[in-house]
Amino acid sequence: MVSLFVGGAVLAVSGWLVWLSRGREHRGHSVAGLLALAALLLWAWMVAFHAPVERAQGLVQKIFYVHVPCVIPAYLGFGLTALAGIGFLRSRNESWDRLAAASAEVGVVFCSLILATGPIWAKPVWGHWWVWDLRLTSTLVLWFIYLAYLLLRGFAFGSDTARTFTAVYGIVGTAAIPFVYFAVDLARGDTLHPSNPAREGLPAAMSETLGAGMVAFVLVFGFLTARRLAAARLESDLLEASERSPVG
Amino acid sequence: MSGARVAWAVLRKDLLLDLRSRDRAGHMGVFAFLVVALLSITLPESPEAAGAWVPALLWILLLLTSILGLARSFAAESEAGAVATLAGVACDRGWVFLGKAGANLIALLALQLWVAVLAAVFLDVRWEAAGWRAAAVGALGALGLASVGTLLAALSVSVRAREFLLPVLLFPLVLPVLVICARLTAESLGGDPTPGLWWGVLGLYDWVFVLIGYFVFDHVLED
Amino acid sequence: MTGGEVYLAAAYAIVGLVLLGYAIFVERRIRALRRSRESSREGGRAG
Amino acid sequence: MRPGALSVPAVEIRGVEKRYGALLALRDLSFELDQASFTLAAGPNGAGKSTLLRILATLTRPTRGEVRLFGKNAFGREAAELRGRIGYLGAEPGLYGELTVLENLLFAAELRGVGRERIEWLLSELRIESVAEQRVRTLSLGYRKRAGLARALLGAPDLLLLDEPWTGLDAEAASGLTRFLSRRLEAGTTLVLASHAPRDPGDLFGGVLSLDAGRLQSLDASRATPAERP
């Protein structure tokens, strides 16, 4: 049941962002902002009161409710970047390129948060900061792909080829992610991560709280990406305006 | 205009250039020789301690050395202003990618042969025990590196600081090749067995990135 | 209570601050871009 | 002359714009060129001539606007087939320095599926047989230019695009080139040449398309098709 909500939120946000990137005007930001805020508040309340304190790890286990929800926006971000890359290559419409840039930037923020909260949780529970386990390691590699993408975008800034090349790398990078997951599974099969936080395996209160967190974070991702998209549109309008005005 | 002829022409031209200007082969050969020598000196004496690490180290060495070759793979075009010649083919430009990737594949296979000889001499790796399996892993791994590497080399040829950028772009994407090939090579040398599934994943990886390279190259050659 | 609260607080604080910080960064960037667009528009008319 | 309606213009450009980041290389360009016409794209350096030529050769995609060659969309599904009908020589001859002239031409011929006799004919026509076996790296600019021209002409193109073909040529070579181009014109090839110092190549002049700062200043397209030329 919970995954239905999460899936719905992911589809809704992705659809909204794609629609937003195509159109001229920017509507719905304040609505999305309020929705995200409401979801965050609900999630925070649930973490504090609804979710029980886990017997084995104690209170620190509640990092679970902030660590895991970051995963979806991190992978959703790069997924949208790849989708936008394909869109750009087919239509050469700059709005796709702006969506790719915005979702990559916000996606890398969430990806970094996974890598930050992971060790903070691992230290008290397993005694060392970095835990070479399947999910965390694949997320680290995803973070490197993000880094490479943003560096390429930075180094090739401006020319048309920049947009084409970043679109291509977004596609190739996303195609590599499942292989990275398999390969890390082979190399580091032993996973210290809780066997599989399949929400079904968790007691109801826990999985509901986690679900709320996921929905909230997806909405936050949507809101931040929409705002970043608006900034990107202003940038390109400014770039174009600077040419129109009589330059020397 | 059959694309296969174009790919074959591009491949032959690249090999002819490699034979004639030999610096690409020279760079890779010397670099590999140096690193294997360093390995043989620094690795601990007892063979079984080193044995487990050698396949992984060899594949990392192959990846690092292939960067030298890949970074040069479009140098001839950009120096001669011949990107337009390649971009002007009368068929899908993906065939140019296949030609280029083929030439890089052959260069990587030659490099693997050289590294295998070095490993046998300096790290006393007994390849005869591995036989065809090691060769098969080498070929599949080389194809993976060549396909992703050629595409990213084409991407970064006209970008600032490409010597730095190519490895940064390439390494995260080829990590699966590295991990799987190191394990399969170790297994072929008598290490602990790995499930056959991983041969399939390696093959799928090669297939996916050759296809992506083919379909995307039309845009990459456009400037 | 174990020392876990410190880690718990740290995790939530980092996530909160980073997301808030990024949101502010984007809003400020939008405001700056709007200002320079206004000035370039005046510039355009005056030029 | 390739079969195909002579009425369809060789080149149709509508609202073409090309932006490199903040730099607008071409601004809202629109014009048409007939088949078998000669057009000299003139204008100071940086006017956008080379960019226009690269767009006509389908090597560079315009940021905005539509490009149709021989009635077909230059960046659509027929792009590959159109490329077979275009010959392009950029500022760089596009030849590999380490290969000989002949090896370069054999390679370019295979890219176009052209036989060896075409190469022999071009070598003699452009009088570069003597250097055919030498490496391009060792040749003078004049020889390299003519070898580049041979490469551009391999596929018997209907549209020939040459960027500054006369620069670096001595008088004798320049007039040789001019005579050669006029023969191509008579054979029905559409020619578009770019030059920043418009030399007067004798009777070749047909239309002049002058560009400045990426904007079309004028297009004096006196439709000089082969038949009417004096």
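Computed from a prediction, not measured in an experiment: that's the story for all the values here. Each chain gets a letter, A, B and so on, in the order its sequence line appears, and its residues count up from 1.
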Is the number of heavy atoms from other residues, nucleotides or ligands within 6.0 Å of [atom1] ([X]) greater than 12?
X	atom1	value
Trp8(B)	CH2	no
Trp16(A)	CH2	yes
Trp127(B)	CH2	yes
Arg22(A)	CZ	yes

Could you give the side-chain donor-acceptor pairs of residues 161-181 of chain B under 3.5 Å, partners two or more places apart or in another chain?
unit_1: Arg162(B); atom_1: NH1; unit_2: Val157(B); atom_2: O; d: 3.4

Selection from Leu204(B), Leu152(B), Val148(B), Leu151(B) maximising heavy-atom pairs under 4.5 Å formed with chain A: Leu204(B)

Residues 80-97 of chain B side chain polar contacts: donor-acceptor under 3.5 Å, at least two apart:
unit_1: Thr85(B); atom_1: OG1; unit_2: Gly94(D); atom_2: O; d: 3.2
unit_1: Asp92(B); atom_1: OD1; unit_2: Gly94(B); atom_2: N; d: 2.6
unit_1: Arg93(B); atom_1: NE; unit_2: Ala87(B); atom_2: O; d: 2.8
unit_1: Arg93(B); atom_1: NH1; unit_2: Asp218(B); atom_2: O; d: 3.1
unit_1: Arg93(B); atom_1: NH2; unit_2: Ala87(B); atom_2: O; d: 3.1
unit_1: Arg93(B); atom_1: NH2; unit_2: Thr58(D); atom_2: O; d: 3.2
unit_1: Trp95(B); atom_1: NE1; unit_2: Tyr214(B); atom_2: OH; d: 3.3

Contact origin within Val208(B) toward chain A - heavy atom pairs under 4.5 Å: side chain

Region of Leu197(B) that comes under 4.5 Å of a non-hydrogen atom in chain A: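 For Leu197(B), there is no contact with chain A at all, as no heavy atom is under 4.5 Å.
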
Residues of residues 172-182 of chain A near chain B, each having a heavy atom less than 4.5 Å away: Val172(A), Gly173(A), Ala175(A), Ala176(A), Phe179(A), Val180(A), Phe182(A)

When Ile145(A), Leu89(A), Val141(A) are compared by non-hydrogen pairs under 4.5 Å with chain B, the top option: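 The answer is Leu89(A).
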
Chain A contact residues among residues 99-113 of chain B, heavy-atom distance under 4.5 Å: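 Listed by number: none.
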
